Amino acid sequence: SDESGIKDASYEIGSFEGLEKGLPMSWSGQIKVEAGTVTTIHARLERLVSKVGFTVEMGVLEGLEITSVRLHQGAGTIRPFMPGGSRIINKAEAMDGDYATAEDIASLMNGGTMHFYVTENCQGTLLPGNIDPWHKVPDSIGNSADLCTYVEMKGVWNERADYEGEVTYRFYLGEDASGNFDIRRNSLQD
């Protein structure tokens, strides 16, 4: 009888494999049923995920050979009616997601883009006033680090590089590169 009862309603994906069957959707529309008439319902479907494009500027990382790319800490539980957007509430709800295939890595090494489908996770602006993307790291966001979605890229420096050994980069997703950690449903981010 009251919409407030559904604000905490949730859909549990549980694991990345649950998304391989299809993307979770929500629908909206206005329905007016009049007694004794045939009613056509117009429903607008909306993906509860964001499509994220990931590209590496290999000229900046001269001599890096990418070994893996994976989405981490995506939302395993979706709350489509939560005010402000669905979000991970505790670490147990986070799940690792899609990963780069050998073809994806070859494309990235040649300046291409790979795409991830990322479940909505609206953590908000956790670093207000920050303008430095290098400050968007776990140490800067404290306890919220376990609730924010990121792409992790691993690689190894080859003989053409000024560095040596293995390296890991984490790219925290959000509506900007410095302070926001929102991943909005039905959106496209690069």
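Values in this document were obtained by computation on a predicted structure and should not be read as measured data.
Side-chain contact check for Thr101 and Asp104: at least one donor-acceptor pair (N or O, by modelled atom type) lies under 3.5 Å. Remark: the Ser10 side chain and the Thr77 side chain contain no N/O donor-acceptor pair separated by less than 3.5 Å. A donor-acceptor contact closer than 3.5 angstrom is absent between the side chains of His135 and Asn130.
The cluster map of Ile, Leu, Val, Met, Phe, Trp and Tyr, joined by side-chain heavy atoms under 4.5 Å apart, puts Tyr11 and Met95 in the same cluster. Put simply, Ile105 and Phe116 are part of the same group of oily side chains (I, L, V, M, F, W, Y) that touch within less than 4.5 Å, one to the next. Tyr172 and Leu127 fall within the same hydrophobic cluster, defined by Ile, Leu, Val, Met, Phe, Trp and Tyr side-chain heavy atoms under 4.5 Å apart, directly or through other members. Cluster annotation: Leu147 and Leu173 are assigned to distinct hydrophobic clusters (Ile/Leu/Val/Met/Phe/Trp/Tyr, side-chain heavy-atom contacts under 4.5 Å, transitive). The cluster map of Ile, Leu, Val, Met, Phe, Trp and Tyr, joined by side-chain heavy atoms under 4.5 Å apart, puts Met114 and Met153 in the same cluster.
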* Show your working on side-chain contact (heavy atoms from CB on, under 4.5 Å) between Met58 and Met109 and close with a plain yes or no. => CA-CA 7 Å; Met58 294 308 294; Met109 292 292 296; 3.7 Å; yes
* Step-by-step side-chain contact (heavy atoms from CB on, under 4.5 Å) determination, Ile141 to Cys148 -> CA-CA 9 Å; Ile141 54 177; Cys148 298; 4.0 Å; yes
* Asked: Does the side-chain contact (heavy atoms from CB on, under 4.5 Å) test come out yes or no for Leu23 and Tyr117, once each step is laid out?
  -> CA-CA 8 Å; Leu23 301 177; Tyr117 285 99; 3.8 Å; yes
* To do: Begin from the C-alpha positions of Ile66 and Leu108 and carry the test side-chain contact (heavy atoms from CB on, under 4.5 Å) through to its verdict.
  => CA-CA 8 Å; Ile66 299 171; Leu108 289 172; 4.0 Å; yes
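Here the CG-OG distance, from Asp132 to Ser178, works out to 8.5 Å after rounding to the nearest 0.5 Å. If you take CZ on Arg185 and CE on Met25, they are separated by 11.5 Å, rounding to the nearest 0.5 Å. The line from CD1 of Ile183 to OG1 of Thr149 is 3.5 Å long, rounded to the nearest 0.5 Å. Going from atom OG1 of Thr67 over to atom CD of Glu166 covers 7.0 Å, rounded to the nearest 0.5 Å. The line from CZ of Arg87 to CD of Glu93 is 11.0 Å long, rounded to the nearest 0.5 Å. Interatomic distance, CG of Leu188 versus NE2 of His115, reported as 6.0 Å (0.5 Å rounding).
Counting heavy atoms from C-beta on, the side chains of Glu120 and Leu48 never come closer than 4.5 Å. When side chains are defined from C-beta on, Arg79 counts as touching Ile89, because their heavy atoms get closer than 4.5 Å. When side chains are defined from C-beta on, Lys7 does not count as touching Met82, because their heavy atoms never get closer than 4.5 Å.
Annotation: cation-pi pair Lys136/Phe181 present, NZ/CZ under 6.0 Å from the ring centroid and within 45° of its normal.
Under the 6.0 Å cut-off for aromatic ring centres, Phe54 and Phe171 qualify, their centroids lying closer than that.
A donor-acceptor pair is defined here as one N or O able to donate and one able to accept, closer than 3.5 Å; such a pair exists between the side chain of Ser50 and the backbone of Ser187. Looking at Gln73, its side chain does come within 3.5 Å of a backbone N or O of Ala145 through a donor-acceptor pair. Distance alone, capped at 3.5 Å, is enough to place a donor-acceptor pair between the Asn121 side chain and the Ile88 backbone.
Remark: Glu46 CD is packed, more than 12 non-hydrogen atoms of other residues, nucleotides or ligands lying under 6.0 Å away. In Asn143, the CG atom is not crowded: 12 or fewer heavy atoms of neighbouring residues, nucleotides or ligands sit closer than 6.0 Å.
Taking 4.0 Å as the cut-off between side-chain N and carboxylate O, Arg170 and Glu152 count as a salt-bridged pair. Under the 4.0 Å criterion applied to side-chain N and carboxylate O atoms, Arg160 and Glu62 are assigned as salt-bridge partners.
When each of Val151, Val56, Leu61 is paired with Tyr169, the side-chain contact (heavy atoms from CB on, under 4.5 Å) condition holds for Leu61 and for no other.
Minimum heavy-atom separation, Gln123 to Asp182: N-OD1, 3.1 Å.
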